[in-house]
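Input: a single structure, listed below in structure tokens.
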Amino acid sequence: MDLYEYQGKELFRRFGIPTSEGRLALTPAEARAAAEQLGGQVVVKAQVLTGGRGKAGGVKLADGPDDAEQKAAEILGLDINGHLVRKLWVESASEIAKEYYLSITFDRGEKKALFMLTTEGGIEIEQVAEETPEKLARLHVDPLEGYQPYQARRLIYGAGIDNPSEQKQLLDIIGRLYACFVGTDAMLCEINPLIVTPEGEVRALDSKFTVDDNALYKHPDIAEMRDPESVPPEERAAREKGVTYVKLDGEVGILGNGAGLVMSTLDVITLAGGRPANFCDLGGGGDAQGVVDALEVIIADPQVRSIFFNIFGGITRGDEVARGILTALEQIGIKHPIVVRLDGTNAEEGRELLAEAGPDNLHVEPTMLEGAKRAVELAA
Amino acid sequence: MDLYEYQGKELFRRFGIPTSEGRLALTPAEARAAAEQLGGQVVVKAQVLTGGRGKAGGVKLADGPDDAEQKAAEILGLDINGHLVRKLWVESASEIAKEYYLSITFDRGEKKALFMLTTEGGIEIEQVAEETPEKLARLHVDPLEGYQPYQARRLIYGAGIDNPSEQKQLLDIIGRLYACFVGTDAMLCEINPLIVTPEGEVRALDSKFTVDDNALYKHPDIAEMRDPESVPPEERAAREKGVTYVKLDGEVGILGNGAGLVMSTLDVITLAGGRPANFCDLGGGGDAQGVVDALEVIIADPQVRSIFFNIFGGITRGDEVARGILTALEQIGIKHPIVVRLDGTNAEEGRELLAEAGPDNLHVEPTMLEGAKRAVELAA
Amino acid sequence: MAIIVDNDTKLVVQGATGREGSFHTLRNRAYGTDVVAGVTPGKGGQDLEGIPIFDTVAEAVEETGANTSMVFVPARFAADAIYEDVDAGIETVICIAEGLPAHEMLRIFNYIKPRGITMLGPNCPGALSPGKANVGIIPAEIFREGRIGLVSRSGTLTYQIGHELTQLGLGNSTIVGIGGDPVVGSSFIDVLAKFEADEETEVVVLVGEIGGAEEEKAAEFIGSEMTKPVVGYIAGFSAPPGKTMGHAGAIISGTAGTAEGKKEALEAHGVRVGTTPTEAAQLAAEVAGAVRA
Amino acid sequence: MAIIVDNDTKLVVQGATGREGSFHTLRNRAYGTDVVAGVTPGKGGQDLEGIPIFDTVAEAVEETGANTSMVFVPARFAADAIYEDVDAGIETVICIAEGLPAHEMLRIFNYIKPRGITMLGPNCPGALSPGKANVGIIPAEIFREGRIGLVSRSGTLTYQIGHELTQLGLGNSTIVGIGGDPVVGSSFIDVLAKFEADEETEVVVLVGEIGGAEEEKAAEFIGSEMTKPVVGYIAGFSAPPGKTMGHAGAIISGTAGTAEGKKEALEAHGVRVGTTPTEAAQLAAEVAGAVRA
């Protein structure tokens with residue numbers, strides 16, 4: 001689960017990582033009130049779960065309450081990479097002497113956490129990694145060893161930070177960031193920029209924060225931070241029903257079990273000359289209700305012209321899926337042509353059930369390739 | 001550092017391990033007040049850092065405030081294995097259906113923590129280990145793995161505890177005891193007995209708790225629990241001066257550097273026909289003040305007739321020790337015959353200094369054996 | 001031979017008495033797997049159609065000599081179950097459970113690695129050595145014995161490829177699902193190394209998908225360490241760019257994780273890559289034919 | 001050969017710029033040890049009489065090829081220093097620092113063990129291979145080269161025995177202080193195994209003391225695994241019963257930890273035990289003579 005800047009900063013503060021003072025604002029009036037409370041110059045920042053908000057005009061400096069209200073009005077409602085701005089973070093403006101970058105994330109290959117620190121903050125870190133890799137200090141942390149102060153020293157000296165006061169503050173911040181990463185079951189904690197003020201104070205000016213969905217049950221307070229409106233409505237509807245759904249731009253609705261098989265199905269549809277309308281994974285389920293839920297989400301997309309049902313049973317049983325399909329068709333009366341391909345556990349029984357009881361718009365095909373071809377034809 | 005029962009129970013409570021309610025009492029009047037506050041039957045328990053207080057009459061049941069006051073008067077001032085009773089723990093009396101034993105400690109050989117659980121509590125655990133070892137469930141915990149619930153299950157099933165409610169409570173208590181052990185840097189957390197009440201409630205009725213001296217700096221609250229009066233006054237004086245001193249029963253005062261060498265010196269004195277008056281380890285030091293401090297502690301023992309100074313320099317330098325001895329003799333004007341044996345780093349210089357400037361009661365010997373013989377002769 | 005599971009496998013199932021657990025335990029046994037024990041705390045002394053149930057894995061190992069565990073408990077109890085296996089001396093852990101917190105799995109991985117434990121999953125379909133043993137949820141009836149090793153990150157996609165191979169008359173030495181979670185116990189490389197050492201395996205089919213850099217690493221390994229031919233399949237050529245883990249992800253792996261990139265990496269090390277499961281199976285058939293020739 | 005430290009030792013000293021640290025660093029170098037670097041955060045770029053100082057061990061290893069570290073920092077920083085060594089690829093860690101919290105050392109021990117790191121201490125005098133290298137605080141001038149391996153839990157007692165051996169004209173292959181703390185990096189057995197494998201060592205002297213069960217375990221190991229003769233010395237025959245760790249301690253070890261008990265255990269496995277350092281040295285001389293004869 002991705003967190004907004006203001007949520008990530010709240011977690012940073014809980015672990016003692018210094019941030020600027022700020023207020024959440026949902027309207028220009030709230031932004032004005034926030035600026036009044038904070039006093040002085042403020043920065044009005046769009047809260048969106050995507051990058052590039054600066055270039056898109058989502059971050060503006062305001063001289064005072066009037067200005068903050070006006071800037072808020074300009075930013076609210078912006079579309080930033082497909083994300084509608086509905087929330088603002090109004091924060092005391094910081095003077096910036098230097099911009100550093102600090103993050104910790106999972107290195108799935110090494111199976112260790114990875115710290116990265118560079119004095120080249122404020123810009124895209126990929127650019128630093130590519131153009132001046134020697135300026136990017138990296139260090140893996142073995143989870144059994146845990147955080148040890150030498151790790152911070154290696155990062156600090158490795159990044160070439162030689163100001164003793166900055167070293168001291170960074171040593172503290174790096175230790176706290178590790179505690180935050182582990183303590184919140186985060187997958188990523190990124191501070192870019194980590195600024196140094198003209199007075200020499202080191203502070204997090206932004207946050208990018210991802211928490212492990214599988215660990216949210218340990219952190220009900222973080223789980224509550226989820227903003228259901230941050231995802232497109234059709235995906236939200238699917239998620240509420242326990243279905244993994246991503247809308248795409250084609251005509252062939254796709255339903256399968258297992259992410260790998262569904263991805264493969266998209267490829268096969270494309271190779272057959274069609275365009276997938278969506279990615280939709282039933283997961284390990286496949287009972288009637290799961291099929292109904294998934295079909296409802298898929299046919300809500302007006303672009304869909306045919307549906308390809310590609311099931312290979314393992315933990316999912318073919319006869320159950322067949323019953324699910326039949327029940328679903330009865331319940332929601334779909335008119336779309338539906339192509340079904342069924343293999344694996346109890347597939348024979350499933351195919352028989354469909355052949356016996358299936359309506360006219362249901363086409364059973366023996367292989368994935370043939371099923372895909374048929375679905376593409378039917379969508380034409 | 002060993003903790004009193006009441007201190008260990010305070011730490012247990014902090015980690016959520018159930019104990020009975022109680023009050024500390026230093027006088028019979030306080031014991032009465034405690035009994036009044038607690039109501040009902042109470043147990044008056046001597047707080048001493050040694051075992052066997054039950055047999056020594058240090059634990060008595062009292063029917064009410066009057067009785068508690070009287071029992072307190074009987075117990076206060078008792079000598080239990082050389083420990084004077086100065087404190088009492090007055091606790092609500094518990095009805096006991098079963099007595100279990102649970103502990104966690106360091107297994108220095110395996111280099112892992114070791115849990116032990118048996119339903120044969122209330123008695124000396126050594127006896128259980130010897131007579132019915134099959135009833136003593138043991139389990140090592142790898143510190144990198146940390147506590148995992150299966151460990152508690154293995155202990156519970158291993159000890160043959162099959163009551164589901166007890167299993168559930170024990171699962172919780174075992175997890176909390178591990179957290180307590182690690183969270184307080186304990187060397188031992190022992191609950192004997194861990195009782196089951198007639199109502200089926202599991203609760204710690206006693207505590208034996210040892211905290212790692214080297215980790216006390218992390219736990220200032222626990223460090224404050226140290227009771228300086230719990231150790232003999234001469235050892236206390238030595239400890240305040242940073243000298244490790246244990247009083248023994250002989251005539252030859254012994255001073256050396258390093259526990260192994262001092263122990264070896266005791267052996268050699270004994271083999272030479274003498275009786276060591278003490279164990280005294282200067283540690284890595286050996287400067288003048290350290291020597292003065294140690295000598296003051298040693299000669300405070302009226303039984304001491306001669307002193308054997310056995311130094312082998314490593315980190316300790318012979319010339320510094322020699323200067324320390326000379327300064328000390330000047331400062332405190334010891335009359336006892338002193339035998340000095342000096343070897344190792346800068347020993348030559350040290351021996352020369354002593355030969356030049358040493359008073360008449362100072363005898364320099366070339367080897368440990370000869371030094372020991374001389375010291376024994378001089379004590380005769 | 002075969003790898004990971006075979007005739008020497010003596011299986012204990014953690015969570016054998018649950019609904020899904022008991023279904024697959026019995027299915028694995030029906031296939032011929034030597035299922036020696038189940039473990040459900042509090043049910044020690046009972047049995048599941050003749051399979052003795054114990055309270056702890058340690059007891060199960062002591063009483064039955066179990067050497068392999070299948071973890072079928074809910075995710076919240078899976079870490080505990082895996083540590084229990086290691087502690088009890090289990091050598092191979094196959095974790096079907098999915099949804100373990102990633103930090104827990106990170107600690108488990110680093111704990112078991114130096115201890116020489118073989119682990120598949122979490123979130124994996126298990127391993128099947130046709131004719132010998134099936135541990136997990138792979139539908140064994142669609143596979144037959146043979147000399148093609150199959151390793152995959154994806155469950156159902158594995159079945160699909162295996163099915164295509166069977167249609168072409170080919171069989172498998174072992175089918176291995178390594179699992180789809182961010183941190184899993186065995187990487188492609190770990191499994192490839194086992195196939196390389198396995199006498200029964202002549203050709204390996206590697207089934208990857210978009211994301212991460214495991215396929216690229218596997219390609220390097222194949223190029224430098226493997227003598228046996230490998231055929232690849234990658235899913236996700238037409239997938240939309242997925243959600244990324246902030247900005248740090250791509251830097252770590254040094255790859256964009258696209259299907260095209262993975263295909264190129266594999267081909268650069270001599271691996272032929274199919275663009276559909278059918279094509280991948282046909283390539284495997286060709287290569288297997290060449291090996292035989 | 002010799003063990004643990006020798007002519008291949010390239011030493012980095014953590015805490016080389018402190019008062020005691022610099023004294024012993026220079027003393028070790030003066031003896032002939034190849035002291036390649038010191039580490040003191042914030043002093044990188046400086047030097048200690050020609051020994052370059054670095055901010056981190058990783059830099060020191062990269063720049064100088066250091067393979068052994070001596071830890072001379074205060075106890076509170078020692079755990080960090082040891083992990084830093086392991087992370088930087090140091091193979092041998094000799095921790096002179098004493099007073100590490102036991103739980104920290106327990107974690108360190110279990111972390112380094114499967115990683116193949118050799119560690120002495122904490123609270124140890126180090127290791128000296130006469131004529132080759134001295135790492136630690138052992139006064140090298142009292143030892144001479146020879147074929148007797150010496151291993152001890154106690155610092156000054158080690159010097160005493162070594163001194164007695166020298167008086168008898170005998171020398172040492174390596175003198176090893178394993179350290180006196182509750183949890184140390186190497187046990188008697190670890191060091192005995194190294195001596196057994198060392199071509200230069202003909203006889204081993206084991207110096208133990210009351211408490212714990214390490215000597216008893218060593219006795220078993222000597223009986224079953226060692227071909228070289230071992231002579232023992234135990235201190236503490238006349239020591240008063242020490243403070244025990246509650247009641248659990250004795251059960252764990254299954255021994256009372258007395259000097260008498262340890263002597264008997266050693267003798268039961270053919271180890272002759274002296275009752276004074278002098279006697280132990282004489283026994284070693286006899287045994288060494290017999291080996292030569």
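Just so it is clear, the values below take in all heavy atoms, side chains as well, and ignore hydrogens, waters and symmetry mates. Keep in mind the model is a prediction, meaning the values are calculated, not measured. Numbered from 1 within each chain, the chains take letters A, B, ... in sequence-line order.
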Subject >> Full working for salt bridge (charged side-chain N to carboxylate O under 4.0 Å, His left out) between D/Arg153 and D/Glu214 >> reply: CA-CA 10 Å; D/Arg153 279 164 74 182; D/Glu214 287 300 301; over 6 Å; no
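For A/Glu21 and A/Arg23, the salt-bridge test passes: some basic side-chain N is under 4.0 Å from an acidic carboxylate O.
If you tally non-hydrogen atom pairs under 4.5 Å between each of A/Pro164, A/Pro149, A/Gly158 and chain D, the highest count goes to A/Pro149. In terms of non-hydrogen atom pairs under 4.5 Å with chain A, the most contact-rich of D/Val57, D/Asn110, D/Thr56, D/Asp87 is D/Asp87. Chain A forms more heavy-atom pairs under 4.5 Å with one residue of D/Ile108, D/Asp80, D/Val86 than with any other, namely D/Asp80.
Across A/Arg153, A/Gln151, A/Gln148, a single residue satisfies side-chain hydrogen bond (donor to acceptor under 3.5 Å, both in side chains) together with D/Glu84, and that is A/Arg153. Residue D/Ser129 is tested with D/Asp6, D/Asp198, D/Thr174 for a side-chain hydrogen bond (donor to acceptor under 3.5 Å, both in side chains); the sole match is D/Thr174.
When heavy atoms are compared at a cutoff of 4.5 Å, A/Leu139 approaches chain D solely by way of its side chain, counted from C-beta outward. Heavy atoms of D/Tyr111 lying under 4.5 Å from chain A belong exclusively to its side chain.
Using a 30° and 60° split on the angle between ring planes, A/Tyr6 and A/Tyr4 fall in the parallel class, below 30°.
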